[in-house]
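Only one structure is covered here, and it is reproduced in the block below.
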Number of protein chains: 2
Amino acid sequence: MDPKINEINGYLVSIFNDVLMIEERTLQTSQFKDVSIKEMHTIDAIGMYQEHTTSEVAKKLGITVGTLTVSVNNLVRKGYVNRVRSEKDRRVVKLALTKQGRLLYRLHDKFHRDMVRETLTEMSEEEAEVLMKGLLNLHSFLERTKEQLPE
Amino acid sequence: MDPKINEINGYLVSIFNDVLMIEERTLQTSQFKDVSIKEMHTIDAIGMYQEHTTSEVAKKLGITVGTLTVSVNNLVRKGYVNRVRSEKDRRVVKLALTKQGRLLYRLHDKFHRDMVRETLTEMSEEEAEVLMKGLLNLHSFLERTKEQLPE
DNA sequence: CGATATTGTTTGATTATCAAACTATTTGAC
DNA sequence: GTCAAATAGTTTGATAATCAAACAATATCG
């Protein structure tokens with residue numbers, strides 16, 4: 001069983017690094033040169049469809065609210081994000097993507113989908129099913145681990 | 001097919017984030033509080049078994065040599081890495097882990113193996129096989145993509 | 001030998017990050 | 001209703017991560 005563990009582990013690590021690297025490089029050679037990969041993930045976390053508060057987005061990204069404030073400052077300056085004070089509760093800031101931001105969001109989303117689609121092309125329905133089950137297993141293990149984390 | 005793509009994509013993104021977060025948190029609550037997740041990956045890339053040059057490690061990590069030099073300065077100061085000038089070619093610097101560095105390397109490696117082992121526990125041989133095939137597919141797609149990358 | 005190439009370091013600028021101090025607003029106790 | 005406490009976000013100071021470009025040391029090749 002151990003060689004299998006090593007092999008799977010190796011693929012995972014390699015996949016992580018490659019995805020990050022490819023995303024970064026793709027951004028830098030696109031019309032969105034002024035967006036870093038971290039900023040891209042912030043844009044992704046803000047999302048297309050609902051408005052999210054600063055706290056919500058920070059939690060989703062696993063960073064502090066202060067860090068997000070700084071990053072959003074840059075994204076607002078660059079024209080990807082809008083800040084809207086909530087009318088209901090004037091302490092709350094809602095974050096939303098600008099037109100530019102939504103364009104970038106869709107591009108990034110497409111990259112992810114293409115990546116997965118390509119992976120599935122040579123697999124049968126059943127194999128795809130099993131891959132999904134494996135990822136689900138891994139995912140739930142990680143969620144459990146997270147809960148047990150000290151603090 | 002599209003809902004499957006979304007689901008797999010979602011798992012992948014979530015797995016990426018969780019692994020990073022758990023690694024970070026685990027480090028910060030261990031005896032190795034002075035090591036960041038990035039530094040951990042540098043230690044991983046330097047590796048246990050052979051000596052690697054600065055250029056080799058930088059390439060493996062996908063960062064510039066300058067960035068690595070700075071990071072290695074810190075890791076040397078903290079006692080995890082040794083720099084050795086090559087005798088054969090005096091321009092070349094070989095990087096190697098100290099005893100501390102090797103200890104940390106093994107701990108990190110164990111985390112990864114446990115993660116994968118746990119994922120496989122509830123799967124049959126065939127399912128594990130298919131998961132591996134899926135990851136291999138994804139991996140080779142990414143390697144191909146990397147090659148086609150502009151510059 | 002001297003020009004060119006290679007390997008790594010240094011530097012200056014920008015981004016990412018946190019913790020802690022701070023501001024503005026809301027909520028809740030009296 | 002007012003004031004203390006709680007909440008949401010911003011600012012600030014410090015440090016790490018990153019790149020590109022200038023630089024230094026060494027090797028190679030004509």
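Just the heavy atoms: all of them, side chains too, but no hydrogens, waters or symmetry mates, feed the values below. Sequence lines set the chain letters: A, B, ... in the order given, protein chains first and strands last, and positions in each chain run from 1. Note that the structure is predicted; figures quoted are calculated from it, not measured.
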For atom [atom1] of [X] and atom [atom2] of [N], their distance in whole Å:
{"X": "B:Lys33", "N": "C:dC18", "atom1": "NZ", "atom2": "C1'", "result": "16 Å"}
{"X": "A:Asn74", "N": "C:dA13", "atom1": "CG", "atom2": "P", "result": "17 Å"}
{"X": "B:Lys59", "N": "C:dG8", "atom1": "NZ", "atom2": "P", "result": "13 Å"}
{"X": "A:Asn73", "N": "C:dT14", "atom1": "CG", "atom2": "C1'", "result": "15 Å"}
{"X": "A:Glu39", "N": "D:dT18", "atom1": "CD", "atom2": "C1'", "result": "13 Å"}
{"X": "B:Arg85", "N": "D:dT26", "atom1": "CZ", "atom2": "P", "result": "7 Å"}
{"X": "B:Glu24", "N": "C:dC18", "atom1": "CD", "atom2": "P", "result": "8 Å"}
{"X": "A:Arg90", "N": "C:dT23", "atom1": "CZ", "atom2": "P", "result": "18 Å"}

Subject >> Intermediate values then yes/no, side-chain contact (heavy atoms from CB on, under 4.5 Å), B:Leu107 and B:Thr26 >> reply: CA-CA 10 Å; B:Leu107 213 78; B:Thr26 305; over 6 Å; no
Which part of the nucleic acid does [X] contact within heavy-atom distance under 4.0 Å: base, sugar-phosphate only, or nothing?
{"X": "A:Val65", "answer": "base"}
{"X": "A:Ser36", "answer": "sugar-phosphate"}
{"X": "A:Thr54", "answer": "sugar-phosphate"}
{"X": "A:Thr67", "answer": "base"}

Where the side chain of [X] is defined as all heavy atoms beyond and including C-beta, which of [options] is the nearest nucleotide?
{"X": "B:Arg91", "options": "D:dG9, D:dA16, D:dA25", "result": "D:dA25"}
{"X": "B:Asp89", "options": "D:dT26, C:dT17, D:dT10", "result": "D:dT26"}
{"X": "A:Thr53", "options": "C:dA16, C:dG8, D:dG9", "result": "D:dG9"}
{"X": "A:Val93", "options": "C:dT11, D:dG9, C:dA16", "result": "D:dG9"}

Subject >> Closest-nucleotide ordering on DNA chain C, the 5'-leading residue of B:Ser55 and B:Val70 >> reply: B:Ser55
Subject >> Contact nearer the 5' end of DNA chain C, comparing A:Ile37 with A:Gly66 >> reply: A:Ile37
Original post:
Which value, rounded to the nearest 0.5 Å, describes the distance between A:Thr69 atom OG1 and A:Leu95 atom CG?
Top reply: 8.5 Å
Original post:
Any side-chain donor paired with an acceptor under 3.5 Å for A:Tyr11 and B:Asn137?
Top reply: no
Original post:
Can a donor-acceptor pair be found between the side chains of A:Asn73 and A:Arg83 at a distance below 3.5 Å?
Top reply: yes
Subject >> Side-chain N or O of B:Lys38 closer than 4.0 Å to phosphate OP1/OP2 of C:dA16 >> reply: no
**OP:** Determine: side-chain N/O of B:Thr64 to OP1/OP2 of D:dC19, distance under 4.0 Å, yes or no.
**Re:** yes
Original post:
Any donor and acceptor pair, going by atom type alone, linking the side chain of A:Ser30 with main-chain N or O of A:Leu27 inside 3.5 Å?
Top reply: yes
